[in-house]
Amino acid sequence: MQVIHQPRVAWDTARVIGGAFHDDRLFDWLRHEFDALFGAAAGEALAESRERVRHVGDARVSVETGLWRVRLEDALRQRPEFAGDLAGITSVARAHRS
């Protein structure tokens with residue numbers, strides 16, 4: 001049985017999110033996956049993060065990445081069963097970027 005370290009999953013996913021802000025295809029796919037896993041509010045929150053980055057500039061990417069790490073850690077504390085799905089989403093997104 002594989003042990004999934006939830007804070008690591010949250011951090012890895014947040015980094016993927018930060019890297020997707022400037023990749024329309026990847027971002028749209030992530031938003032769809034977040035809608036399916038966490039609900040439409042999560043997809044909206046992703047879109048809002050992206051808009052803040054576009055408005056403020058790339059200096060905002062690290063802030064948004066950090067915010068997503070915290071959000072995802074909180075979400076995984078509430079719903080630990082999502083850790084495997086989130087790790088899978090992160091893995092696919094990383095493969096897309098390679």
Side-chain angles (χ1 to χ4, degrees):
M1 171 186 256
Q2 180 183 1
V3 175
I4 297 176
H5 185 60
Q6 294 171 358
R8 182 66 197 197
V9 171
W11 174 239
D12 290 345
T13 305
R15 289 175 52 203
V16 165
I17 290 168
F21 287 138
H22 298 300
D23 182 333
D24 290 338
R25 265 182 46 170
L26 179 56
F27 184 84
D28 290 344
W29 179 81
L30 276 174
R31 183 173 178 180
H32 172 76
E33 293 298 315
F34 269 59
D35 281 350
L37 188 60
F38 295 111
E44 276 300 312
L46 272 177
E48 291 167 6
S49 288
R50 186 182 200 192
E51 284 306 309
R52 283 190 293 272
V53 167
R54 287 182 169 175
H55 180 71
V56 176
D58 285 344
R60 183 73 192 183
V61 171
S62 62
V63 173
E64 293 299 327
T65 299
L67 291 172
W68 275 102
R69 181 192 57 81
V70 172
R71 284 180 185 151
L72 292 169
E73 280 188 25
D74 288 346
L76 291 175
R77 277 189 206 98
Q78 303 265 331
R79 304 289 304 263
E81 68 273 15
F82 286 172
D85 292 331
L86 196 55
I89 289 168
T90 301
S91 180
V92 170
R94 281 185 170 159
H96 169 79
R97 290 179 41 197
S98 298

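Start at 1 with the first residue, then count along the sequence.
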Give the cluster check for [X] versus [Y]: same hydrophobic cluster or not, with ILVMFWY residues linked at side-chain heavy-atom distances below 4.5 Å.
X: V16; Y: V92; result: yes
X: I89; Y: L26; result: yes
X: F82; Y: L72; result: yes

Using 4.0 Å as the upper bound for N to carboxylate O, is an ion pair formed by R50 and D24?
->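 Yes.
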
Which residue pairs pass the side chain to side chain donor-acceptor pair (under 3.5 Å) test when at least one of the two sits in residues 7-21, sequence neighbours left out?
-> R8-D12, D12-R94, T13-T90

Using salt bridge (Lys or Arg N to Asp or Glu O under 4.0 Å) as the criterion, list what pairs up with R52, not counting sequence neighbours.
-> E64

Can R77 and D74 be said to form a salt bridge (Lys or Arg N to Asp or Glu O under 4.0 Å), step by step?
-> CA-CA 5 Å; R77 277 189 206 98; D74 288 346; 2.6 Å; yes

Stepwise side-chain contact (heavy atoms from CB on, under 4.5 Å) test for R25 and H96 = CA-CA 10 Å; R25 265 182 46 170; H96 169 79; 3.8 Å; yes

Of the non-hydrogen atoms in [X] and [Y], which two are nearest, and what is the gap between them?
X: W68; Y: A42; result: CH2-O, 3.8 Å
X: V9; Y: A87; result: CG1-N, 3.9 Å
X: A10; Y: R69; result: CB-O, 3.7 Å

Are side-chain heavy atoms of F27 and I17 found at a separation under 4.5 Å?
-> no

Does the side chain of F38 come within less than 4.5 Å of L46's, by heavy atoms?
-> no

Between CZ of R60 and CZ of R54, what distance do you get to the nearest 0.5 Å?
->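 Separation between the atoms: 15.0 Å.
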
Under 3.5 Å, sequence neighbours excluded: what are the donor-acceptor pairs made by side chains of residues 28-36?
residue	atom	partner	partner atom	Å
R31	NE	G43	O	3.2
R31	NH2	E44	OE2	2.5
D35	OD1	G43	N	3.3

Take atom CD in Q78; do more than 12 heavy atoms of anything else shown fall under 6.0 Å from it?
-> no

